[in-house]
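One structure below.
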There are 2 protein chains.
Amino acid sequence: MPRNRRISESTVRRLSIYYRLLSGLEKEGAPTVSSRELAEKEKLTPAQVRKDLSFFGSFGTRGLGYPVRELREKIARILGLNRTWNVAVVGAGNIGSALVSYKEFQKQGFLIKLIFDNDQRKIGSSHKGIPVSDVSHLADELKAHHIDIVVIAVPGPAAQGVAEEAVSAGVRAILNFAPVSLKIPASVSLRNENMSMELEQLSYFLVGGNG
Amino acid sequence: MPRNRRISESTVRRLSIYYRLLSGLEKEGAPTVSSRELAEKEKLTPAQVRKDLSFFGSFGTRGLGYPVRELREKIARILGLNRTWNVAVVGAGNIGSALVSYKEFQKQGFLIKLIFDNDQRKIGSSHKGIPVSDVSHLADELKAHHIDIVVIAVPGPAAQGVAEEAVSAGVRAILNFAPVSLKIPASVSLRNENMSMELEQLSYFLVGGNG
DNA sequence: AATTGTGAAATTGTTCACAGCA
DNA sequence: TGCTGTGAACAATTTCACAATT
């Protein structure tokens with residue numbers, strides 16, 4: 001039975017992990033899986049797996065474990081993966097183009113419907129069958145195509161403007177690849193994917209941050 | 001004076017954020033900055049900024065704040081950004097190619113020296129002046145070029161093999177873009193950049209994970 | 001007067017340990 | 001017996017609040 005505790009970000013992140021593991025197990029035909037097995041595949045404890053899942057309900061059977069297919073479906077529903085989402089990518093540069101070609105998104109139901117750029121030479125061309133539109137029509141197009149998620153892949157200085165346009169068009173989720181911190185209302189969900197920062201964390205470790 | 005507390009991952013992540021803010025402030029010519037000003041630019045508290053910095057020393061002046069240039073340099077040294085690192089990208093597909101063209105890396109001193117692929121049509125060609133090498137020579141080339149950090153941008157099923165080769169070549173830091181969980185020794189630092197997972201977090205929010 | 005640096009308190013997240021069930 | 005579900009204990013992280021300093 002679902003609890004009413006506020007679910008932590010780390011729990012939701014692990015839900016994604018469980019989802020991936022369960023998809024694999026389902027393909028292999030495993031009927032059930034224990035919290036210990038799930039934990040061993042990642043670097044988690046069985047108790048953590050059980051606690052994470054218990055926030056959303058009692059999905060397992062004592063003595064047996066969790067039914068793979070059912071649990072995968074339950075998590076899909078919790079994460080909103082039992083449906084499709086309309087995604088727009090803003091910025092048809094290196095990263096934007098790579099994202100459009102990235103097959104995983106389609107597979108998970110994240111459908112890239114629009115690409116935007118401000119370069120007249122790119123506008124009108126198309127990537128993987130998706131035409132590149134003029135970013136100056138951003139808000140209108142986002143609304144017209146019922147875009148749920150905007151991926152920002154423009155240079156840093158342009159990112160805040162794009163975010164504001166997206167918010168004004170009613171978009172409630174943004175994935176930001178620009179290395180700047182966006183100011184948007186708390187009602188809009190924002191994730192940052194800053195690849196330089198990831199390398200910096202590795203660099204910290206290499207210079208001795210470890211021990 | 002540096003403390004001997006174990007520095008948390010979140011503190012190191014914020015150090016990267018402070019570094020970016022300070023770089024901007026330095027360009028603007030600001031001589032000093034207070035913890036309050038730093039906190040306001042991101043969504044942090046002044047106390048957190050002060051505590052984070054205090055783990056590494058006393059960099060500020062009471063009543064005045066922190067000297068921008070000095071603090072930026074201190075953090076650069078802590079994060080290992082006062083030097084360059086040799087990086088190899090494995091996988092010349094969409095993501096790998098985008099990373100090679102991504103200017104931020106060069107700017108931060110992460111120099112992409114090698115690209116690897118297993119596609120004979122790509123091997124021998126070059127991206128941005130960096131030749132694409134045959135992944136079957138991975139370990140040898142990594143050693144020969146003193147690569148510090150390996151970026152894995154290959155399809156999921158190939159990632160674990162690449163990681164093992166990298167580890168066997170003495171690489172101690174890996175940035176993994178493949179949507180799988182890599183098994184590597186604890187002595188090797190690993191960061192995962194899983195873009196589908198980020199979208200899934202947004203999806204969770206959109207279906208009501210918020211409140 | 002302003003702002004740092006930091007113990008202590010509060011909060012959040014993780015692990016333990018065991019009752020309860022198949 | 002094996003394994004879940006969970007309150008309680010524990011650990012980590014964040015925030016508070018204030019003495020110390022310029």
Side-chain angles (χ1 to χ4, degrees), chain A residues 1-18 21-22 25 30-72 74-75 78 201 209 211, chain B residues 1-18 21-22 25 30-68 70-72 74-75 78 201 209-211:
Chain A
M1 207 177 300
R3 309 298 165 289
N4 244 9
R5 188 189 180 284
R6 165 99 181 117
I7 304 299
S8 78
E9 203 169 306
S10 28
T11 290
V12 181
R13 203 177 55 244
R14 286 191 296 266
L15 238 38
S16 272
I17 294 174
Y18 305 147
L21 291 178
L22 289 161
L25 287 165
T32 59
V33 64
S34 68
S35 58
R36 183 180 43 74
E37 290 173 278
L38 285 173
E40 273 167 10
K41 288 176 184 279
E42 303 291 321
K43 221 180 149 184
L44 305 167
T45 64
Q48 178 137 73
V49 173
R50 295 201 300 276
K51 178 134 301 201
D52 284 339
L53 297 175
S54 80
F55 292 141
F56 300 94
S58 294
F59 304 136
T61 310
R62 291 167 200 237
L64 244 177
Y66 299 90
V68 168
R69 208 183 86 91
E70 247 179 84
L71 183 57
R72 206 219 75 233
K74 284 264 168 53
I75 295 179
I78 293 166
Q201 308 299 297
Chain B
M1 206 178 300
R3 307 299 165 288
N4 245 8
R5 188 189 180 286
R6 166 96 181 123
I7 305 298
S8 77
E9 203 170 305
S10 30
T11 291
V12 181
R13 203 177 54 242
R14 286 190 297 266
L15 238 39
S16 273
I17 293 175
Y18 305 147
L21 291 177
L22 289 161
L25 287 165
T32 59
V33 66
S34 69
S35 58
R36 185 180 39 74
E37 290 173 278
L38 285 173
E40 274 166 9
K41 288 177 184 280
E42 302 290 324
K43 220 178 147 188
L44 305 167
T45 65
Q48 178 138 73
V49 174
R50 296 202 297 277
K51 176 128 316 197
D52 283 339
L53 296 175
S54 80
F55 292 142
F56 300 95
S58 294
F59 304 136
T61 309
R62 289 165 200 238
L64 246 176
Y66 298 91
V68 168
E70 246 179 85
L71 183 57
R72 205 217 77 234
K74 284 262 168 53
I75 295 179
I78 293 165
Q201 308 300 296
N210 37 29

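Each chain gets a letter, A, B and so on, in the order its sequence line appears, and its residues count up from 1.
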Rounded to whole Å, the CG-C1' distance (A/L71 to D/dC3) equals 14 Å
To the nearest angstrom, the CZ-P distance between A/R13 and C/dT12 comes to 17 Å
To the nearest angstrom, the CZ-C1' distance between A/F56 and D/dG5 comes to 15 Å
Closest of D/dT15, D/dC3, D/dT13 to the B/S10 side chain is D/dT13
Between A/T45 and C/dT15, is there a contact of a side-chain N or O with OP1 or OP2 at under 4.0 Å?
yes
In this structure, CD of B/Q48 is separated from OG1 of B/T11 (nearest 0.5 Å) by 7.0 Å
Fill in: B/L15 vs B/F55, side chain to side chain contact (heavy atoms under 4.5 Å, CB included): CA-CA, chis, key distance, verdict
CA-CA 11 Å; B/L15 238 39; B/F55 292 142; over 6 Å; no
Would you say A/L25 and A/K41 make side-chain contact, with heavy atoms under 4.5 Å?
yes
Nearest-nucleotide check on DNA chain C, B/R36 vs B/K51; residue mapping nearer the 5' end is B/R36
note: B/I7, atom CD1; D/dT13, atom P; distance rounded to Å ~ 10 Å
If each end axis of the helix from C/dA1-D/dT22 to C/dA22-D/dT1 is fitted on five C1' pair positions, the angle between them, to 10 degrees, is 10°
Taken to the nearest whole Å, CG/A/D52 to P/D/dT6 is 13 Å
- Below 4.0 angstrom from OP1 or OP2 of C/dT14, is there any side-chain N or O of A/R14? yes
**Item:** Residues B/E40, B/R36: salt bridge by 4.0 Å N-O rule
**Value:** yes
Taking the side chain as every heavy atom from C-beta outward, state whether A/I7 and A/F56 have any pair of such atoms under 4.5 Å apart. yes
A/Q48 CD to D/dC10 P, in whole Å, measures 19 Å
Its contact letters, B for base, S for sugar-phosphate only and - for none at protein heavy atoms under 4.0 Å, make nucleotides 17-22 of chain D read B-BBBB
| C/dA22 OP1/OP2 closer than 4.0 Å to side-chain N/O of A/Y66 | no
From CZ of B/F59 across to P of C/dG5 the rounded distance in Å is 9 Å
Here the gap from A/L21 atom CG to A/I75 atom CD1, rounded to the nearest 0.5 Å, amounts to 9.0 Å
* Asked: Phosphate oxygens OP1/OP2 of C/dT12: is one of them under 4.0 Å from a side-chain N or O of A/S8?
  -> no
OG (A/S35) and CG (A/L44) are apart, to the nearest 0.5 Å, by 11.0 Å
Rounding to 0.5 Å, atoms CG (A/L22) and CG (A/L71) come to a distance of 4.5 Å
Separation of C/dT3 atom P from B/L38 atom CG, nearest Å, is 12 Å
The reported gap from CG in B/L38 to OH in B/Y66 (rounded to nearest 0.5 angstrom) is 8.0 Å
